[in-house]
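To start, the structure under review is shown below, and the notes come after it.
None of the values given here were measured: they were computed from a predicted structure. In what follows, residues are counted from 1 in the order of the sequence shown. Numbering of ligands and ligand atoms starts at 1, following listing order.
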Amino acid sequence: MSAKKAILVSGNLPAAVLDFLREDFHVVAHAEDRPIPRRRLLRLLADKAGLLSMITDRVDEELFEQAPRLSVVANMAVGYNNIDVTGATRRGILVCNTPGVLTETTADLAFSLVLATARRIVEGDRMVRSGRFKFWAPFHFLGREVTGKTLGIVGMGRIGQAVARRARGFDMPVLYHSRSRCRRSLERKLGATFLPLPSLLREADFVTLHVPLSEETTHLIAREELALMKPTAFLINTSRGPVVDEQALLDALREGVIAGAGLDVYEREPAVTAGLEKIDRVVLLPHVGSATLETRTRMAWMAAENLRMGLRGERPPHLVNPQLMKKRKKDA
Ligand code: GLV
């Protein structure tokens, strides 16, 4: 029998997933909740054929150089902006992600930020806990209505569509903007109207972002875009931090250009632009879009299966650079 290939699992995953991988591979696991330190990651990869990576791992040219045997990187996330896919493809390294299994969970979180910002849920909790709930009054601690308000969805992929489905339950007209327009039948099903981004920003009461991070989407929402939004509107970001110019957002919130924001992701994560934490109309979460036990378990299994299949020479179910499989077939 041939020797087992060696792999590195860079995050703290359930024992059952590691046991499954141990059936085929020699597994080294970073069994801690803090991200694996960069130097340790590079050192451990020296003899590894596979990496089950986290979004906190930068998989770049430097890493590829330190990992001459690496042939599969399975990211435990749907987003893979932490990976230099072009560089990986050039080196023949398969890159995989975990789409689908986190769609509803992430949409739930985006929608909970819509509700939390508009109805001042977190601020109210802080008020009660700190003993400042002293009276009830008819025009005290008012939020904004959600039902019937207009929702603007930027990025109409799986998660954007799942958010649109939730909006129907709140009788919200849905506007959307996407790189490519959806089929008319899907638009009808979702009750969603396509608009250019500036028009969407002008009309929506809530703008929620669901685009992948790329050069094109970096600072998609910056000063100029925020200035188009209504002073009563809220911005929700559960996609990737750099999609929003965070300093511009802070300024817009301070100056009353928009009413509030719900953020799960940050431009320089885990750092948060100083000043945001002082604004009550902002809800700040620690990147937990897909963080439920059920979903993270599904993601871990999916990443493990992607890695296993890739290292066995089979096509992984969720491959980001499928052109490599075609090339492998042609070369075989
Ligand atoms: C999480 O942020 C993901 O991309 O899955």
Side-chain angles (χ1 to χ4, degrees), residues 9-14 17 30 33-36 51-60 72-85 88 94-114 153-163 166 178-179 208-218 220-221 235-244 246 261-272 283-307 310 316-321:
V9 176
S10 73
N12 202 2
L13 299 193
V17 176
H30 175 71
D33 283 333
R34 278 181 175 275
I36 188 167
L51 169 64
L52 198 158
S53 58
M54 305 295 125
I55 52 169
T56 42
D57 303 328
R58 211 172 62 249
V59 180
D60 57 5
V72 184
V73 176
N75 211 34
M76 196 184 121
V78 64
Y80 46 86
N81 54 286
N82 58 309
I83 301 175
D84 172 5
V85 178
L94 302 181
V95 177
C96 312
N97 69 340
T98 61
V101 289
L102 47 73
T103 302
E104 305 300 329
T105 313
T106 308
D108 284 349
L109 192 85
F111 222 88
S112 66
L113 283 173
V114 167
I153 300 179
V154 180
M156 201 49 135
R158 292 185 192 84
I159 299 173
Q161 290 174 33
V163 173
R166 281 154 181 75
S178 223
R179 213 171 12 177
T208 180
L209 307 176
H210 301 287
V211 291
L213 179 62
S214 65
E215 264 177 42
E216 220 184 324
T217 61
T218 299
L220 183 69
I221 304 297
L235 178 72
I236 309 298
N237 190 11
T238 55
S239 63
R240 285 291 184 266
V243 173
V244 176
E246 211 165 277
L263 306 176
D264 184 42
V265 289
Y266 304 91
E267 199 171 346
R268 286 165 290 276
E269 216 166 290
V272 177
V283 175
L284 303 170
L285 293 178
H287 199 150
V288 288
S290 62
T292 64
L293 177 61
E294 296 90 333
T295 292
R296 286 284 166 86
T297 303
R298 286 194 292 266
M299 290 164 71
W301 279 110
M302 186 180 263
E305 183 61 3
N306 279 332
L307 188 61
H318 303 285
L319 188 57
V320 169
N321 49 358

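When only non-hydrogen protein atoms are considered, atom 4 (O) of ligand 1 lies nearest to Arg240 NH2, 2.7 Å. Protein heavy atom nearest atom 5 (O) of ligand 1, with residue, atom name and distance: Val78 N, 2.8 Å.
Near Gly79, meaning under 4.0 Å from any of its heavy atoms, are these atoms of ligand 1: 3 (C), 4 (O).
Nearest heavy atom pair, residue Asn97 against residue Ala77, reads CB-O, 3.2 Å. When all heavy atoms are compared, the tightest approach of Thr208 to His210 is OG1-NE2, 2.7 Å. Ala88 and Val95 get closest at one heavy-atom pair: CB-CG2, 3.6 Å. Residues Ala303 and Thr98 come closest through the heavy atom pair N-CG2, 3.9 Å.
Close N/O approach between His287 and ligand 1 is found [any backbone or side-chain N/O within under 3.5 Å]. Annotation: Ala77 places no N or O atom under 3.5 Å from an N or O atom of ligand 1; distance criterion only.
Residues Leu284 and Tyr266 have side chains in contact (heavy-atom distance under 4.5 Å, counting atoms from C-beta outward).
The part of Leu102 lying near ligand 1 is the side chain, judged by heavy-atom distances below 4.0 Å.
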